[in-house]
Structures are given as structure tokens and as C-alpha cells.
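In this text the structure is predicted, and so the values were computed from the model without any measurement. Values below: all heavy atoms of this structure, side chains included; hydrogens, waters and symmetry mates excluded. Throughout, protein chains are lettered first and strands after them, A, B, ... in sequence-line order, and every chain is numbered starting at 1.
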Number of protein chains: 2
Amino acid sequence: MEPKRRADVERNERALLDAAAKVFATSGVGATVREVAAAAGVGMGTLYRHFPTRADLMVAVYRHQIDACAEAGPALLAAAPTPFAALLDWIHLFVDFLATKHGVAKVWQGDAAGYTALHQLFLDRLVPVLSDLLHAATASGEVVADIKPYELIRAVGDLVAWTVQDPNYDVRRIVTLLITGLRQPQPERPAS
Amino acid sequence: MEPKRRADVERNERALLDAAAKVFATSGVGATVREVAAAAGVGMGTLYRHFPTRADLMVAVYRHQIDACAEAGPALLAAAPTPFAALLDWIHLFVDFLATKHGVAKVWQGDAAGYTALHQLFLDRLVPVLSDLLHAATASGEVVADIKPYELIRAVGDLVAWTVQDPNYDVRRIVTLLITGLRQPQPERPAS
DNA sequence: TGAAAAACGGAACAACGCTCCGTATGTTGA
DNA sequence: TCAACATACGGAGCGTTGTTCCGTTTTTCA
């Protein structure tokens, strides 16, 4: 099944992934492709042949961690005292993931050309997990607000995305506040 | 007191403001400075002498509307049945303002070089207003969560900032959810 | 009216993601 | 073992940003 790839492509791909992970961790996800290519000791052409777009590179780098987050969902649901607690725990796991990657913002936001791929991966992988958690918490009666998983994860993502170091702002508290709101019925929307 | 400005600077400044307002409304706030300069019929140099940075231009264009939003605060507080209702109304006013400007995102987010000025204007002008509303709603006992005005406006801004047309996502509902959460005490933060 | 002062226009710069193609290198059949 | 072919490589270069710089034009006022 394996189409027999040349030795150098294998080597370069690995070098690129390692370099990208290191560079993204150091200089933030906003690091330039040139920086990554240089760190890997390859040219731009090579980088782009392996990862046709900046986003593809990111996808490759973060795929593992996203998977881990997704897989933690069912585990938390089994372990936590109530489904709502599991939901809250999982959301915070997600927040931690996003928050530690300095500058995933531009990624989370799919609008800017080129970042869509990673955004999509986030959604494809995490929405189903959140969906289960949310339904469980609704079934248990803890969550009464009518909200779709997509809406919730997107909201949380938006909240965390642009977070930078700021002593006056603790995203986690805000996210908790949002989740807390799910336990209350929503008031009428005021006239705009 | 007026330092006696030349006639052409006055004329060009007006042309630039008008053009910018029109272009921002048409092509979104992300429109290029070149586009604005062209629309105003002036060169780049002129634009930059009047507005040393892209953000300064935006500040000039949106100042009125931000002021209007700020001034609506006390009025709503006086008119609404309860302080909490006023708070919710005002927040939605703010959301409407942000949401109608297609692409204020990059502006709200001060991190990207050049957009800081407008972000600062938002905060300087609106935080005090929100502060009053929030204190009133806390005093009336409706709001029990401990949250600072800056945290709240920033959260709402973050939620709205990247909003694009999306039938599956209604920001206003999410924001309402967040505000609703203010009426409940916050649970312990789960271990990260 | 004629300099001096002030403002103008737009070519040019740096940084970005991304493309292109001449060159080097790994693979394979004889 | 060794050509010759497919494949992959490197990095100069493109198009797009916001912004700067400076030779030229316009306005002002003695």
C-alpha cells in the first residue's frame, strides 16, 4: 500500500515537523514559514511541497494534541460526579489547549485565507465530543439553555483565541461564567 | 487657539474621512489604505500625514458612533425596568455596533501591529459606562458574579469580533447567555 | 509678487504567504 | 556498477500588505 517514497522526503518531513513544533512553541504560532524552513534546514520549496499551506503545517503539528483532547471527553464523562461537571472539565481542557499555544487566534479564526484547514480540524474532531457531553448534561437536567455544540465551542474558541498575557483578564473565569449561564433559561432578547 | 491651518489640509482631511467611511462601509474595515487614498483622490503621503497609522484613520471614522454608544448608557439605566435589563440592553447595543462593521475584528484585537489605537479608544470610552451599569446591577442584587467591567467588555468584544455571516451561529444569543451567567454564583474552577 | 513654509504625490521599502523552475539527488534497469 | 530518468530540492522572485521618504507643488503673507 505504501507508494515507496524516497528517503530524503521522509527525512525532510520529519525535520520540518520537528522544526515547526519547536518554532511554534518558541516564537508563537504566528512564526513565519521562512523561519520554520530555516530551522528545518530546508528551502521554501521543500516546505511547501510537504505542506501546501501554512495551515496544513499547523494541522500536522497539532493533530496529536487535538486528538488527545477529543479522546478525553468520554473519560471525563465517566469519571466526573455529574455530566455538567464533566462538561465544565472538558471545556477547560480545551481552553488550556488553546491558551498555551500563544497566538492560535489567527488559526481559530477561519476567515483569514489559509487558516481554514486547522479550524476545520478543530471542529470535525471536537464538536462530536462536545455534543455528547452537552446532551448528557441536558439529559441530567443541569443544562437548560438551548444551545448547539457548534455554537458553544465556537464561543469558547472566540473567547480564548486572542488571549494574550494580561493580568487583568482571566479567560478561564469568563468561560466558566459562560458555561454557568447554561444552567439558567435565557431571557428574551432585547429589541436591537 | 487655532493654529491657522492651510486650506488644502482641511479639504483633504475631510475628503479622507468621507472616503474612509464610504470605503469601510463598502469593502469592510479591512480595506487597504491605498483604496482609501485613491477614493479620497489623494496620495499615500497625504493620508499618512493626516492619520499616521491605519488605526488612527479608523478612530477618526468611528469616534462618533462609539461616543453615541457610550452616551446611551445612562439613558438606558434610567429607562429600563431594572439595572440588569439596562445592562443587557446596553451590551446588545455594543454588540450591534461591532457586528455591523464587517471585520472590526482585527481592530478589536489590539495585538496586530497598528490596530491598537482604536482598541484603546473603545476601552477608554466604554469601560466607564459599563462600569456604572454593572455596579448598578450588582447593587440591585441581580448580578452576583464577581466580574470587572474590563473583563466583561473584553469578553463580549472577543465573542463578536470575528463574527461573520453564519446561519449556524447567532452571537447575540451567546452574549445573552454570558450575561445571564452573571446572575449565578460561579462554581469552583476545575483543576486544569 | 515672490520666497519661505507647509503640504503633496507616489515610488520604494520591509515583511508576509506562496510559486516557479533550474539544479541536485535518490532510484532503478541493464 | 553505472547511466538515465523520475523525483525532490533550494531560494530567488511575485503579489499584497502597512509605512516611509523626499523631490515637487501649492499656499500663505510680508
A.B. asks: To the nearest Å, give me how far apart CD (B/E10) and C1' (D/dT27) are.
C.D. replies: 14 Å
A.B. asks: Need to verify one output field. Residue with the more 5' nearest nucleotide on DNA chain C, A/A31 or A/R49?
C.D. replies: A/A31
A.B. asks: Would you mind telling me which of C/dC8, D/dG18, C/dC18 lies closest to the side-chain atoms of A/R34?
C.D. replies: C/dC18
A.B. asks: Using the closest heavy atom to pick a nucleotide of DNA chain C for each, name whichever of B/G45 or A/A7 lands nearer the 5' end.
C.D. replies: B/G45
A.B. asks: B/D8 or B/T32: which one's nearest nucleotide on DNA chain D is closer to the 5' end?
C.D. replies: B/T32
A.B. asks: Measure the acute angle between the ring planes of B/F97 and B/Y62, then classify it against the limits of 30° and 60° as parallel, tilted or perpendicular.
C.D. replies: perpendicular
A.B. asks: Between B/N12 and C/dA7, is there a contact of a side-chain N or O with OP1 or OP2 at under 4.0 Å?
C.D. replies: no
A.B. asks: Short question: side chain of A/T138, backbone of A/L134 - any donor-acceptor pair under 3.5 Å?
C.D. replies: yes
A.B. asks: When the distance from CG of B/D56 to C1' of D/dG18 is rounded to whole Å, what number comes out?
C.D. replies: 13 Å
A.B. asks: What's the closest nucleotide to the side chain of A/T46 if the choices are D/dC9, D/dT19, C/dT19?
C.D. replies: D/dC9
A.B. asks: C/dG17 phosphate, OP1 or OP2: any side-chain N/O from A/T53 under 4.0 angstrom?
C.D. replies: no
A.B. asks: Can you figure out which of D/dG10, C/dA5, C/dG26 approaches the side chain of A/R6 most closely?
C.D. replies: C/dG26
A.B. asks: When we call it a touch if two heavy atoms are under 4.0 Å apart, what does B/V33 touch: a base, just sugar-phosphate, or nothing?
C.D. replies: base
A.B. asks: Could you tell me the separation between the CE atom of A/M44 and the C1' atom of C/dC16, rounded to a whole number of Å?
C.D. replies: 10 Å
A.B. asks: Looking at A/T180 and A/T176, would you say the former's side chain and the latter's main chain have a donor-acceptor pair under 3.5 Å?
C.D. replies: yes
A.B. asks: Would you mind reading off the distance between A/L57 atom CG and C/dC18 atom P, rounded to a whole angstrom?
C.D. replies: 10 Å
A.B. asks: What class does the angle between the rings of A/Y150 and B/Y169 fall in, given that below 30° is parallel, 30 to 60° is tilted and above 60° is perpendicular?
C.D. replies: perpendicular
A.B. asks: Could you work out which one of C/dA7, D/dA8, C/dC16 sits closest to the side chain of A/V9?
C.D. replies: D/dA8
A.B. asks: What is the distance, rounded to the nearest whole Å, between atom CG of B/L47 and atom C1' of D/dG18?
C.D. replies: 11 Å
A.B. asks: Rounded to whole angstrom units, what separation is found between the CZ atom of A/R54 and the P atom of C/dT19?
C.D. replies: 14 Å
A.B. asks: Among C/dC18, D/dT19, D/dG10, which nucleotide sits nearest the side chain of A/Y48?
C.D. replies: C/dC18
A.B. asks: Among C/dC18, D/dT7, D/dC9, which nucleotide sits nearest the side chain of A/H50?
C.D. replies: D/dC9
A.B. asks: I want to check something: taking the side chain as every heavy atom from C-beta on, are A/I174 and B/I147 in contact at a cut-off of under 4.5 Å?
C.D. replies: yes
